[in-house]
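This report concerns only the one structure given below.
Below, all heavy atoms of this structure are taken into account, side chains as well, without hydrogens, waters or symmetry copies.
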Amino acid sequence: MLSAEILIPDAEGLSRAGALLRAGRLVAFPTETVYGLGADATNDRAVAAIFEAKGRPRFNPLIVHVADIAAARRIARFTRAADQLAEAFWPGALTLVLPLRPEAGISPLVTAGLDTVALRLPDHPVAHALLAAFGGPVAAPSANPSGAVSPTRAEHVIEGLGERIAGILDGGPCPVGVESTIVGFDPAPVLLRPGGLPVEAIEDCMGLRLRAGGTGEKPNAPGQLASHYAPGARVVLEARTPPAGALWLGFGPDCAGAAINLSPAGDLVEAAAGLFQALRALDAQAAPGQVIAVAPVPGHGLGRAINDRLRRAAAPRG
């Protein structure tokens, strides 16, 4: 099987990536959160190839990435609250789940048959350039096998999907490091997944507290499955001291014995940016049966997204 083309995000590489997408092929690309696995969101066969490459269940919807708010409005109906959030946080690490316009031409595989669609305007120069080169909406979940640790570098995509996709735009490490925050409306805003935009920022913008919504049994947005973001080694949480025989993933200044410390200074931004890379590195070190034990991480700001990913990584595997 042929390996993916590694593309430099210059004019030639972006033109090639756009051509691959127009031909119905799959292209991985960087966003500020994680690398996405992109396909033409209007092409049923191309979108189906995402699910096949990842081994992703078809009931799990995808996020559509767009170049600007005008493109998003052509795909979905915006509420007043959605307008407020888009104006405040787009481009950025925020996904909005909104009523789908039937005339938008989005493949029903993208929405898993729901009457809503998840939309994001990414804040990364390579993602922007690719969307411009392609000229349409791009469906893109994280560019990794379903349920595995998300990719924040091009080499992570190569390891997981290198022989299953057509191209990889190498834009270097992703600065945020955890997936986007997802907000839906029913009709009030509801948190469907914590992520790279702190929930507190959204609540301050809206002047209200977000309640949690969505379930792992019947997802209405990506990232809701109970077991997700998981390395091969078993993960255990709330390890305040290094457990015997475990690889300890630390956080903060009191973890001198940690194999890796997400942030010795206790910086949640630094910890989020390095989370998936640290899980991958420890998984590569782990001997058969050895566990990864994770120190407590505060549950505010980006810590809420970090803890969400860690809980799903530690959940029993299906």
Side-chain angles (χ1 to χ4, degrees), residues 24 26-29 31 33-66 75-76 93-100 104 106-120 122 137-152 156-157 160-161 164-165 178-186 190-196 212-232 276 279 305 308-318:
L26 303 182
V27 176
F29 63 97
T31 75
T33 58
V34 300
Y35 273 74
L37 180 58
D40 179 352
T42 67
N43 183 327
D44 289 339
R45 294 187 66 177
V47 175
I50 290 178
F51 290 91
E52 181 179 3
K54 284 176 60 71
R56 183 183 178 98
R58 296 257 181 130
F59 60 78
N60 197 4
L62 307 177
I63 294 173
V64 176
H65 294 68
V66 293
I75 295 171
L94 174 67
T95 293
L96 301 177
V97 176
L98 296 164
L100 174 68
I106 298 298
S107 169
L109 293 172
V110 168
T111 63
L114 301 172
D115 58 4
T116 55
V117 62
L119 292 171
R120 185 159 96 86
V138 172
S142 56
N144 58 298
S146 185
V149 180
S150 297
T152 54
H156 299 163
V157 183
L161 298 175
R164 304 182 197 176
I165 65 177
V178 292
E179 295 83 354
S180 61
T181 303
I182 303 180
V183 172
F185 305 87
D186 67 347
V190 57
L191 179 67
L192 300 179
R193 179 181 73 183
T215 69
E217 290 74 30
K218 191 175 181 180
N220 58 0
Q224 294 179 342
L225 298 181
S227 179
H228 209 25
Y229 316 109
F276 289 140
L279 286 174
D308 172 80
R309 305 310 188 267
L310 289 171
R311 282 191 298 271
R312 296 178 196 274
R317 314 289 170 85

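In this model, a donor atom of one side chain and an acceptor atom of the other lie less than 3.5 Å apart for Ser180 and Thr95. A donor and an acceptor atom, one from each side chain of Arg309 and Ser150, are nowhere located under 3.5 Å apart.
Side chains of Thr111 and Thr116 form no contact here, defined as non-hydrogen atoms less than 4.5 Å apart. When side chains are defined from C-beta on, Val97 counts as touching Leu192, because their heavy atoms get closer than 4.5 Å. Contact annotation: the side chain of Ile165 approaches that of Val157 to within less than 4.5 Å [non-hydrogen atoms, C-beta and beyond]. Between Phe185 and Leu96 there is a side-chain heavy-atom pair separated by less than 4.5 Å. A 4.5 Å side-chain heavy-atom check between Pro137 and His65 finds every atom pair outside the cut-off. Side chains of Val183 and Leu94 form a contact here, defined as non-hydrogen atoms less than 4.5 Å apart. Taking the side chain as every heavy atom from C-beta outward, Ile63 and Leu119 never approach each other to under 4.5 Å. Using a 4.5 Å cut-off on side-chain heavy atoms (C-beta onward), Val138 and Asp40 make no contact.
Taking each heavy atom of Ser146 and Gly55 in turn, the nearest pair found is CB-O, 3.5 Å. Residues Ala93 and Gly196 share a closest heavy-atom pair of CB-C, 3.9 Å. Between Leu161 and Ala143, the closest heavy-atom pair is CD1-C, 3.4 Å. Nearest approach of Val190 to Ala212, heavy atoms of both residues: CG2-C, 3.7 Å. Closest approach of Phe29 to Val27, counting heavy atoms only: CD2-O, 3.7 Å. Nearest approach of Val110 to Ala41, heavy atoms of both residues: CG2-O, 3.8 Å.
Under the side-chain contact (heavy atoms from CB on, under 4.5 Å) criterion, Val149 pairs with Pro231, Phe276, Leu279, Arg280, sequence neighbours left out. With sequence neighbours excluded, no residue satisfies ring pair (Phe, Tyr, Trp, His ring centres under 6.0 Å) with His156.
Under a 3.5 Å cut-off, the side chain of Thr181 and the backbone N or O of Gly195 do form a donor-acceptor pair. With hydrogens and angles disregarded, no donor-acceptor distance shorter than 3.5 Å links the side chain of Ser142 to the backbone of Asn144. A donor-acceptor distance shorter than 3.5 angstrom exists from the side chain of Arg56 to the backbone of Asn60, with no hydrogens or angles considered.
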task = Verify side chain to side chain contact (heavy atoms under 4.5 Å, CB included) between Val64 and Arg120, making sure each step is shown before the conclusion.
result = CA-CA 6 Å; Val64 176; Arg120 185 159 96 86; over 6 Å; no
query: Under the side-chain hydrogen bond (donor to acceptor under 3.5 Å, both in side chains) criterion, do Arg45 and Ser107 qualify, and how do the steps go?
result: CA-CA 9 Å; Arg45 294 187 66 177; Ser107 169; over 6 Å; no
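Between atom CD1 of residue Ile75 and atom CG of residue Leu100 there is a gap of 8.5 Å, rounded to the nearest 0.5 Å. Distance check, rounded to the nearest 0.5 Å: CD1 of Ile106 to CG of Asn43 gives 11.5 Å. Going from atom CZ of Phe51 over to atom CG of Leu109 covers 6.0 Å, rounded to the nearest 0.5 Å.
The pair Arg164-Glu52 does not count as a salt bridge, with every side-chain nitrogen at least 4.0 angstrom from each carboxylate oxygen.
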